[in-house]
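Reading through the structure tokens given below for one structure.
Keep in mind that this is a model prediction, so the values were computed, not measured.
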Amino acid sequence: MASHRKPKQYPLAGNTARTAATLALAGVATATALDGTGNATPPPTKDQVKARVGQYYREAEAATERYNGVREKADRARSALDGLQDEAARRTERLTAARNALGSFATAQYREGGLPPAVRLLLSSSPDRYLERASLADRAGSLQAVALTRVRSELRGVERVRTTAAARLAELKDEQAALSRHKRTVEAKLEDARRLLDRLTAEERAAFHGGGEAAGAPTGGSSAGGSSGGGAERGTAASTAPLGGRAGRSVPRGAAQAPTERAARAVAFAYSALGKPYVWGATGPSGFDCSGLTQAAWRSAGVSLPRTTYTQINAGRRIGRSQLAPGDLVFFYSGVSHVGLYIGGGKMIHAPHPGAPVRIAPVDQMPFAGAARPV
């Protein structure tokens, strides 16, 4: 009879059934996706890629300017710390000398013995000689008191300098930590931009980084209007004439004349930098970021500018767009995150972004934020 029994069935438990159904649905979804019939997000268009890359570059430049500002503060803190350490060493030497002097007085006093002055007078074979020594002893006591005061003063000075140095060291460590944060931000934004640019062809990437004007083209007058030219810079063109009286720094013939000798030197420097690469955080001579270029240009004219865009805009005198003259600083975007050197004819020389060398570009290429005249 047992041989006629049906095999015992083991139906799927509730959880097991649900798991199987889930796996089946997942398989269907996977198959659908592989067939290309799913609702996958379409890849960005070329224009969208370019817009996103531009946004990443602007964000990277803003972070770069913050990095530059923090680095300037860190350099000042490091310089102050070095000075304090030198001062602490000098004060320590003086403290050692004062302690040695005090020790000499103490040793001399010990050798005199503990006899009262009256007893030493009675035992002396020459009272006059003793009185003379007593007078010298009084003077020595006064010198000892002076030496003791000096030791105390030098000790307080050493402690004060060491306390200040410790505060500067803590400040420096904070600035270095901020530097690292801003550096990571810049590098992350640039990496995002690189990944997007990799979706473009070599020709499209070259077109994105291009768009500057030939270095040798005349720039006309000093108005703020103008339009963009085409092609990348090729360095200073052959048809140039010296400006500012400094060999090797020249501008094209027919270019707008700077209003002052210093402004002319700054403009000449900017022309000499055409074609050099954008390097974030750099102030030359082989590469520049935007504010590094303007700082270096005016430094060549003997004028010291702050390091960042948001501090350079307050250097010198603020001017309106209609007042622009060669040598003026022109700033862009609401956060004042980009700067160029105006050269006349509605154009500037600036360091645009990674992959794009120092070039000539129209001022109206970016949202105008303000202008300043350093001298």
Show the nearest heavy-atom pair for residues [X] and [Y], with the distance to one decimal.
X    : Y    : value
A256 : G344 : CB-CA, 4.1 Å
Y271 : P252 : CE2-CD, 3.1 Å
G340 : H350 : CA-CB, 3.8 Å
A351 : C290 : O-CB, 3.7 Å
S286 : P277 : O-CD, 3.1 Å
A263 : P326 : CB-O, 3.6 Å

Using a 4.5 Å cut-off between side-chain heavy atoms of Ile, Leu, Val, Met, Phe, Trp and Tyr, which other residues end up in the same hydrophobic cluster as L84? V161
Running the 4.5 Å side-chain criterion over Ile, Leu, Val, Met, Phe, Trp and Tyr, what cluster does L169 land in, apart from itself? L81, L172
Enter the distance from [X]:[atom1] to [Y]:[atom2] here, rounded to the nearest 0.5 Å.
X    : Y    : atom1 : atom2 : result
T309 : H338 : OG1   : NE2   : 9.5 Å
E59  : L190 : CD    : CG    : 11.0 Å
L274 : I349 : CG    : CD1   : 4.5 Å
T163 : R160 : OG1   : CZ    : 9.0 Å
D47  : R52  : CG    : CZ    : 12.0 Å
L324 : I343 : CG    : CD1   : 12.0 Å

Can I get a per-line list of side-chain donor-acceptor pairs under 3.5 Å for residues 327-334, giving both atom names and the distance, sequence neighbours left out?
from : atom 1 : to   : atom 2 : distance (Å)
D328 : OD1    : R373 : NE     : 2.8
D328 : OD2    : A325 : N      : 2.8
D328 : OD2    : R373 : NE     : 3.4
D328 : OD2    : R373 : NH2    : 2.9

Report the residues that fulfil side chain to side chain donor-acceptor pair (under 3.5 Å) with [X], sequence neighbours left out, ordered by chain and then residue number.
X    : result
H353 : none
R66  : none
S79  : none
K183 : none

Taking salt bridge (charged side-chain N to carboxylate O under 4.0 Å, His left out) as the test, write out the residues that go with [X], two or more places apart.
X    : value
K73  : E175
K173 : none
E191 : R194, R195
D75  : R78

With clusters defined by side-chain heavy atoms of hydrophobic residues (ILVMFWY) lying less than 4.5 Å apart, directly or transitively, does [Y] cluster with [X]?
X    : Y    : answer
V339 : V375 : yes
Y310 : L305 : no
V279 : F269 : no

What I want to check is whether the side chains of Q55 and R58 have a donor and an acceptor closer together than 3.5 Å. yes
Can T294 and Q312 be counted as having a side-chain donor-acceptor contact under 3.5 angstrom? yes
Heavy-atom side-chain proximity of [X] to [Y] below 4.5 angstrom:
X    : Y    : answer
L341 : L293 : no
S180 : R184 : yes
Y67  : T185 : no
V363 : R321 : yes
W280 : P354 : no
P352 : Y57  : no

Does T201 offer a backbone N or O that forms a donor-acceptor pair with the side chain of E204 under 3.5 Å? yes
Would you check if the side chain of R307 reaches a backbone N or O of R71 as a donor-acceptor pair within less than 3.5 Å? no
By the definition side chain to side chain donor-acceptor pair (under 3.5 Å), identify the one residue from D289, T311, T308 that meets it with N68. D289
Among all residues two or more places apart in sequence or in another chain, which pass the ring pair (Phe, Tyr, Trp, His ring centres under 6.0 Å) test with F288? none
